[in-house]
Amino acid sequence: MNTRLSTPAWFGDLLDISDVLAAKDRAEVVSWRGGTERTDADADDVPPLTLRLAALGTVFADQAAQHTSEQKKRVLGILEEVQRSGSEYDSTAVATGFFEAFLNAWDKGFDLQAVWEHVGPESRAYCLAWNEFTVVPTPDWMR
């Protein structure tokens with residue numbers, strides 16, 4: 001089995017936190033499989049992890065008001081743990097999928113400052129490095 005195409009256990013933990021995230025991921029998988037929910041589909045017939053995380057990062061930002069503070073803390077805590085101790089593939093997917101989409105939403109008006117307290121140190125470091133790479137000014141509250 002190609003482990004890069006399988007879904008890691010921690011990803012399921014993310015989806016268990018929020019119906020909004022779970023619904024978005026289901027929609028992404030259905031779209032990947034041709035637009036129909038197939039009960040006979042291979043469990044590994046899913047979009048690449050980076051794309052799934054990008055979709056979650058976008059909907060997490062777009063629907064932030066629907067998430068409790070505890071849900072935000074849990075989602076960002078799982079992602080921080082993956083950043084700290086996950087495989088290189090998983091941590092790269094979190095950074096380039098979820099956090100780049102998350103920062104893109106901030107560029108479009110998402111109130112990142114409202115959830116920044118829940119973003120862990122490894123994730124913050126990536127966000128700051130991404131801002132520097134993309135020449136986006138970093139506000140003082142992000143430092």
Side-chain angles (χ1 to χ4, degrees), residues 1-35 37-38 41-143:
M1 172 158 79
N2 183 341
T3 58
R4 286 194 270 198
L5 295 180
S6 64
T7 302
W10 60 262
F11 190 84
D13 295 341
L14 279 179
L15 300 182
D16 288 343
I17 294 170
S18 162
D19 292 340
V20 170
L21 297 181
K24 179 62 175 176
D25 188 63
R26 273 192 308 277
E28 292 296 312
V29 170
V30 166
S31 176
W32 179 263
R33 293 177 178 167
E37 288 198 48
R38 296 183 357 231
D42 180 345
D44 289 337
D45 183 17
V46 294
L49 185 58
T50 302
L51 295 180
R52 293 174 83 184
L53 285 163
L56 294 188
T58 300
V59 78
F60 184 79
D62 290 348
Q63 304 294 322
Q66 293 186 26
H67 292 105
T68 66
S69 181
E70 181 62 25
Q71 286 174 310
K72 293 171 189 172
K73 182 178 176 181
R74 288 175 57 206
V75 166
L76 294 167
I78 288 171
L79 297 173
E80 176 66 14
E81 181 61 30
V82 174
Q83 291 281 75
R84 276 197 337 260
S85 61
S87 71
E88 182 179 358
Y89 178 80
D90 288 0
S91 63
T92 299
V94 166
T96 61
F98 188 92
F99 283 107
E100 287 181 21
F102 195 60
L103 290 171
N104 187 49
W106 173 51
D107 291 342
K108 295 177 180 179
F110 165 60
D111 185 7
L112 179 59
Q113 188 173 3
V115 298
W116 191 247
E117 68 180 299
H118 302 304
V119 178
E122 292 292 322
S123 302
R124 284 180 181 210
Y126 182 81
C127 292
L128 294 171
W130 183 250
N131 281 355
E132 184 175 326
F133 177 75
T134 57
V135 195
V136 171
T138 299
D140 290 338
W141 57 262
M142 285 182 85
R143 298 178 200 278

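Start at 1 with the first residue, then count along the sequence.
In this structure, the side chains of L53 and F102 stay at 4.5 Å or more apart for every pair of heavy atoms. I17 has its side chain out of reach of H67: every pair of non-hydrogen atoms, C-beta onward, lies at least 4.5 Å apart. With contacts defined as side-chain heavy-atom distances shorter than 4.5 Å, the pair D25/L14 does not qualify. For the pair K73/T68, no side-chain contact is recorded, criterion being any heavy-atom separation below 4.5 Å from C-beta on. Using a 4.5 Å heavy-atom threshold, the side chains of Q71 and V20 count as separate.
Proximity of a side-chain donor or acceptor of R124 to a complementary backbone N or O of W116 within less than 3.5 Å is detected. No donor-acceptor pair under 3.5 Å is formed between the side chain of R74 and the backbone N or O of S18. S85 contributes no side-chain N or O that, together with a main-chain N or O of V82, makes up a donor-acceptor pair within less than 3.5 Å.
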Task: From CA spacing to verdict: side chain to side chain contact (heavy atoms under 4.5 Å, CB included), Y126, T92 - done: CA-CA 10 Å; Y126 182 81; T92 299; over 6 Å; no
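Residues passing the side-chain contact (heavy atoms from CB on, under 4.5 Å) test with P8 are W10, F11, L49, D90, sequence neighbours excluded. Taking T50 as the reference, nothing meets the side chain to side chain donor-acceptor pair (under 3.5 Å) condition, with sequence neighbours excluded. Residues forming a side-chain contact (heavy atoms from CB on, under 4.5 Å) with A23 (at least two apart in sequence, or on another chain): R26. With sequence neighbours left out, the side-chain contact (heavy atoms from CB on, under 4.5 Å) criterion links E122 to E80, Q83, R84. By the side-chain contact (heavy atoms from CB on, under 4.5 Å) test, D111 is found to be paired with Q113, A114, residues two or more places apart in sequence or in another chain being considered.
Nearest heavy atom pair, residue R33 against residue D45, reads NE-O, 2.7 Å. Shown here for R52 and P47, the closest heavy-atom pair between the two residues is CD-O, 3.3 Å.
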Distance-only check: which donor-acceptor pairs under 3.5 Å involve side-chain atoms of residues 56-64, not counting sequence neighbours?
from	atom 1	to	atom 2	distance (Å)
T58	OG1	A54	O	3.0
Q63	OE1	Q66	NE2	2.5

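The OG1 atom of T7 sits 9.0 Å away from atom CG of L15, with the distance rounded to the nearest 0.5 Å. Atom CG of N104 is separated from atom CZ of F99 by 14.5 Å, given to the nearest 0.5 angstrom. Atoms CG and CZ, on L79 and F98 in that order, are 5.0 Å from each other to the nearest 0.5 Å. Interatomic distance, CD of E28 versus CG of L51, reported as 8.0 Å (0.5 Å rounding).
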